[in-house]
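Note sheet for the following structure.
Throughout, numbering of the chain's residues begins at 1 and tracks the sequence.
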Amino acid sequence: MKLNPLLAAVSALVIAGFPAQGQSPTSAQVTAANMRAHITFLASDLLQGRDTGEPGYDIAANYVASQFSQLGLKPAGANGTYFQPVPLIAARPRDEGRYVLKTKGGDVALTFGDDYIVARPFGPAERKVSAQLVFVGFGVVAPEKKRDDYKGLDVRGKIVVVLSGAPSAFQTEERAYYANSRTKREQAAKRGAVGLIALYLPDDEKRRPFAEGKRSWQSWAMNWRKPDGTPNDTAPETPSLGTLSLSGAAKLFATSKFSYEKIVEAAEKPQGETPRFAMATSLDVTLHTETKMIESANVAGMLEGSDPSLKSEVVVLSAHLDHIGVTPPLNGDSINNGALDNASGIATTLEVARAFRESGKPPRRSVLFLAVTGEEKGLLGAEYFAHNPTVAAASLAANVNLDMPILTYAFTDVVAFGADRSTLGVAVARAAAKSGVALSPDPLPAEGFFTRSDHFRFVEAGVPSIYLMTGFQGPGEAQFKGFLASCYHKPCDDLKLPINYEAGARFAAINYEIAREIADGDARPVWKKGDFFGGKFARPALIAAE
């Protein structure tokens with residue numbers, strides 16, 4: 001029988017990870033070899049970048065389901081299967097759109113790709129919006145900080161203009177919340193705005209050049225569908241209309257009493273207190289959008305708990321299975337394989353499940369292993385699960401999320417986003433100590449990682465949650481920043497990266513220890529009293545008394 005070339009490659013890689021004949025492999029060697037095998041398959045060209053709703057994603061989902069079955073996990077999807085169907089609606093631009101500034105000195109047409117990137121709102125095939133612009137700084141409304149960037153401004157029937165991000169003085173995870181585009185759009189919608197335009201800042205340009213957006217501007221935006229077929233949009237009457245570059249923003253403020261240069265100067269101060277005002281400029285926007293209905297699925301497997309009084313509580317270990325698929329070529333390659341984003345997280349999840357099985361000791365609480373779809377489209381699979389869990393919603397005790405661990409170096413620390421916000425922090429600290437790794441704070445607050453991965457949809461459902469990634473000690477900073485600058489959401493995130501599978505085994509071991517601590521703890525995890533996110537989203541019973 002002739003072996004499929006892909007399977008032959010995977011088999012060779014697995015064999016290569018084991019000691020020579022006659023030697024018994026250590027647990028770490030087995031995990032490293034398994035990590036290599038999982039990532040090799042999931043990041044292969046066969047899967048075409050695992051884009052949500054595409055055949056490559058479906059192959060990946062079936063692979064994960066087969067692994068769950070082999071590991072003895074019980075189906076925890078719908079109808080006795082490992083799959084939870086996720087109904088989606090997709091939208092993308094049919095053309096480059098039209099953006100014209102209306103000023104006292106005449107019309108100024110903005111240039112696609114140089115001045116703006118078109119948005120992808122859901123709704124009519126043609127959307128025309130023409131309205132006065134109102135600049136609201138960062139668009140932050142934070143009562144606990146006694147801050148309201150809309151104070152004194154009337155935005156009813158207007159287009160709101162906001163800076164990307166949030167003030168640097170804000171605590172890193174709260175900064176991520178206020179920087180999130182959904183948060184900004186919801187605030188604009190509450191005040192009757194008819195659209196929102198976001199502006200790039202110089203730091204955005206340094207981290208992710210605006211021109212890169214031209215490569216994927218026609219990719220599909222998605223949302224999950226409610227039972228009536230409409231998208232789950234929290235601000236449907238206030239669509240995002242586009243993002244302006246530094247040059248586009250300069251044109252926007254050209255006739256204003258404040259130049260964009262002055263606005264940026266104020267925004268870059270810790271509190272980011274910029275002038276805010278109704279502009280003498282209007283904007284005409286025309287967008288042409290095509291939509292389609294698609295289906296995808298989360299993959300869920302359950303390891304039932306052993307404690308009669310605790311097994312009804314569920315710890316969710318999640319990772320996203322999707323990536324961004326095929327885009328226009330870059331250096332001759334168009335497949336975005338997503339080896340580190342997030343085949344590495346899925347491989348870790350599978351190895352944590354195997355560690356539980358091989359420990360010979362069932363967890364006290366039940367552990368749900370969840371591979372979600374649509375993360376790259378807006379955390380959709382996680383949000384759908386949080387709104388429509390396949391277990392009782394009240395049983396969701398904690399979420400540990402694994403997304404894009406950079407496994408190209410022998411890391412010595414990890415970052416646990418959100419750990420200090422709940423009693424999960426104690427479990428994380430104990431697990432880190434057992435594993436001999438340090439815990440580090442958020443090294444890149446401007447990136448807003450806390451609201452950009454699947455755990456945040458569990459946070460919004462009131463579930464204590466953390467998100468794990470490798471840290472910046474030693475070579476970590478150079479490796480992580482290098483990946484973000486060169487290969488994040490690009491075809492070079494593939495198997496040619498110098499992936500350190502031994503580091504992958506260590507990352508899996510740490511996550512097993514964390515999941516074990518949470519699953520076996522006497523007390524259910526709760527939010528700390530006075531926590532920002534616990535107070536905003538959690539029911540009182542899940543907030544500590546002291």
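Screening L379, V372, T373, L380 for a side-chain contact (heavy atoms from CB on, under 4.5 Å) with H320, the sole residue that qualifies is V372.
Residues A60 and L47 come closest through the heavy atom pair CB-CD2, 3.6 Å. Of all non-hydrogen atoms in A519 and V315, the two that sit nearest each other are CA-CG2, 4.2 Å. The two residues L310 and G521 have their closest heavy-atom pair at CD1-O, 3.9 Å. Here the closest heavy-atom approach between residue A398 and residue L424 is recorded as CB-CD2, 3.9 Å. Nearest heavy atoms, M302 versus S366: SD-CB, 3.8 Å. Contact record, N336 with H489: OD1-O, 3.6 Å, taken as the closest heavy-atom pair.
A heavy-atom distance below 4.5 Å is found between the side chains of K361 and D520. Side chains of F138 and F170 form no contact here, defined as non-hydrogen atoms less than 4.5 Å apart.
Heavy atoms from other residues, nucleotides or ligands lying under 6.0 Å from NZ of K145 number more than 12.
Residues meeting the side-chain hydrogen bond (donor to acceptor under 3.5 Å, both in side chains) test with E513, sequence neighbours left out: none. Not counting sequence neighbours, the partners of D45 by the side-chain hydrogen bond (donor to acceptor under 3.5 Å, both in side chains) test are N337.
Interatomic distance, N388 CG to Q84 CD, rounded to the nearest 0.5 Å: 6.5 Å. Taking CZ from F385 and CG from L396, the interatomic distance works out to 5.5 Å, rounded to the nearest 0.5 Å.
Identified under the disulfide bond (SG atoms under 2.5 Å apart) test for residues 421-503, with sequence neighbours left out: C487-C492.
Using modelled atom types, one finds a donor on one side chain and an acceptor on the other under 3.5 Å when comparing S318 with N399.
Taking 4.0 Å as the cut-off between side-chain N and carboxylate O, K528 and D420 do not count as a salt-bridged pair. At a threshold of 4.0 Å, the pair R208-E447 counts as salt-bridged, since one of the basic side-chain nitrogens sits closer than that to a carboxylate oxygen.
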